[in-house]
Number of protein chains: 2
Amino acid sequence: MIRLVVVDDHPIVRGGLRDTFANAEDIVVVGEAGDGAEGIERAELLAADVVLMDLRMPGMDGVAATAALRERCPSVRVLILTTFDSESDVLPAIEAGAIGYLLKDALPDELMRAVRAAARGESVLAPSVTQHLMGQVRRPGAGTLTDREKEVLQLVANGSSNREAAAALFIGEASIKTHLQHIYDKLGVRDRASAVAEGYRRRLLT
Amino acid sequence: MIRLVVVDDHPIVRGGLRDTFANAEDIVVVGEAGDGAEGIERAELLAADVVLMDLRMPGMDGVAATAALRERCPSVRVLILTTFDSESDVLPAIEAGAIGYLLKDALPDELMRAVRAAARGESVLAPSVTQHLMGQVRRPGAGTLTDREKEVLQLVANGSSNREAAAALFIGEASIKTHLQHIYDKLGVRDRASAVAEGYRRRLLT
DNA sequence: CTGTCGGTCCACCGAACGGTGGAGGCGTGA
DNA sequence: TCACGCCTCCACCGTTCGGTGGACCGACAG
């Protein structure tokens, strides 16, 4: 029996999911929550196997909740169920440790199969989500800049030369160059201009 | 006699302004409004010469109202009177066609002189506002890249070197350099990386 | 305690870039 | 008709950048 916790800020959605899983004899909805913090609590308390998590919620959002839950209860599988499949939603969720990512237009049948797969530790992704992911994997080192690297990139975007960025961060020019090389590798580019462009596309820069 | 309409969402402010202008024998407050849409209506209906416009208001804000009013009644002078002088407030207001921009800490005397100036078609700006404006004017052509320049900037953002961009556009490398120089001038930057950053900030790039 | 990761730093080199000051052609609108 | 904006192109020069292949340190996890 798979113990499921549903986390979504809309009571309607929670009701719909409860109904859906009422038809499955191997899945039982043991708890519900209206925001991330509550979801973590319920999942831990009720010994959930799988958590169905919405992303956009008031208070603690789904990404933060997923990360926190993975930290505290690594055995719990988090399956994202949301309306949005933009890159800026998908990537942080996966990074945070979600095992799957479905869209709310999924059929009840798909949903149940996904929950069973998640319980077994397998990943299920909506097709459009797969695309985004492929795009990331193609770039080795996958898009996660360190804090320092983000600082450097921001300075470069603001017009700093390597020398100026070094002065701003109180480090040597050589370090700036090293950071930039790492940034180029991670973003899959070859110069500062396109690194800045990638930074904006991935919402790393403001 | 200068016919003035006051647009501000705070009744207190409107009252203060009415008092202020009661002492001027060449200015008469013919109407008031609490938001932009109402302000446009009043200004047109009452044949205003000058409109004193707040920027931050519920409903239609001052910038939108200024633009709409300039569109419908080009003879009406819009004088911004607000608390804020940040670049993000000032520039849109000026662009929208405001003839002057004062801050609410202006003295009554200054205010009246500004209204008279506006009625004559002259511009009066608060000192700090002038600074912002200079910063923009210093960049000639201000922010309007030509189609060709946008193409070049897009290519650079996508990682092209000057040589590659030249090949892509079937022109010489020298032309790319010239375009880039123009782009730097217009955007107020000194290198391709920050040009790309500005491009994203101004939504010229995708 | 031994990898691994993040951050710092070094040297060298060729290539690319940015700055400057031009110039000519072409179309549009005053 | 003439000025203006836009696009194209040229030469020269110093500076900066990007590429490579290292190196050391501290922190943290396995």
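Bear in mind that the values here come from a model prediction, so they are computed numbers and not experimental data.
- A/E198 places no side-chain N or O within donor-acceptor distance of the main-chain N or O of A/A195, the cut-off being under 3.5 Å.
- With hydrogens and angles ignored, the 3.5 Å screen pairs no side-chain donor or acceptor of A/Y101 with any backbone N or O of A/L79.
- Summarising the geometry, the separation between NE2 on A/H179 and P on D/dC17 is reported as 15 Å, rounded to the nearest angstrom.
- The interatomic distance linking B/D185 (CG) with D/dG5 (C1') rounds to 15 Å, in whole Å.
- Atom CD of B/E149 and atom P of D/dG5 are 13 Å apart (whole Å).
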> Is there a salt bridge (Lys or Arg N to Asp or Glu O under 4.0 Å) between A/R190 and B/E164 once you walk through the steps?
Replying inline: CA-CA 13 Å; A/R190 289 188 340 271; B/E164 288 163 347; 3.7 Å; yes

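- Taking atom CG on A/D147 and atom P on C/dT8, their separation rounds to 11 Å, with Å as the unit.
- In terms of modelled atom types and a separation under 3.5 Å, the side chain of A/R3 and the main chain of A/V30 share no donor-acceptor contact.
- The interatomic distance linking A/L169 (CG) with C/dT8 (P) rounds to 8 Å, in whole Å.
- Distance CE/B/M57 to CG/B/D8: 7.0 Å, rounded to 0.5 Å.
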> Base, backbone or nothing for each nucleotide of nucleotides 23-30 of chain D, written B, S, -, heavy atoms under 4.0 angstrom, 5' to 3'?
Replying inline: --------

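- Phosphate proximity of D/dC7 to B/T146: present, with a side-chain N or O under 4.0 Å from OP1 or OP2.
- Looking at every heavy atom in both residues, A/V50 comes nearest to A/V115 through CG2-O, 4.0 Å.
- Within the model, atoms NE2 of A/H179 and CG of A/L145 stand 11.5 Å from one another, a figure rounded to the nearest 0.5 Å.
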> Given the rule in the salt bridge (Lys or Arg N to Asp or Glu O under 4.0 Å) test, do A/R148 and A/E151 qualify, once you have shown the distances and angles that lead to the verdict?
Replying inline: CA-CA 5 Å; A/R148 202 53 159 173; A/E151 283 185 299; 2.8 Å; yes

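- Summarising the geometry, the separation between CZ on A/F170 and C1' on C/dC9 is reported as 18 Å, rounded to the nearest angstrom.
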> Along nucleotides 14-20 of chain C, 5' to 3', which nucleotides get a B, which get an S, and which get a -, given that the test is a protein heavy-atom distance under 4.0 Å?
Replying inline: --SSBBB

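- When the C1' atom of D/dC7 is taken as reference, atom NE2 of B/H182 falls 9 Å away, rounded to whole Å.
- Rounded to whole angstrom, the span from the CD1 atom of A/I183 across to the P atom of C/dT8 amounts to 12 Å.
- Here the closest heavy-atom approach between residue B/S194 and residue B/V189 is recorded as OG-CB, 3.5 Å.
- Put simply, B/S175 has no side-chain N or O that comes within less than 4.0 Å of OP1 or OP2 on D/dC7.
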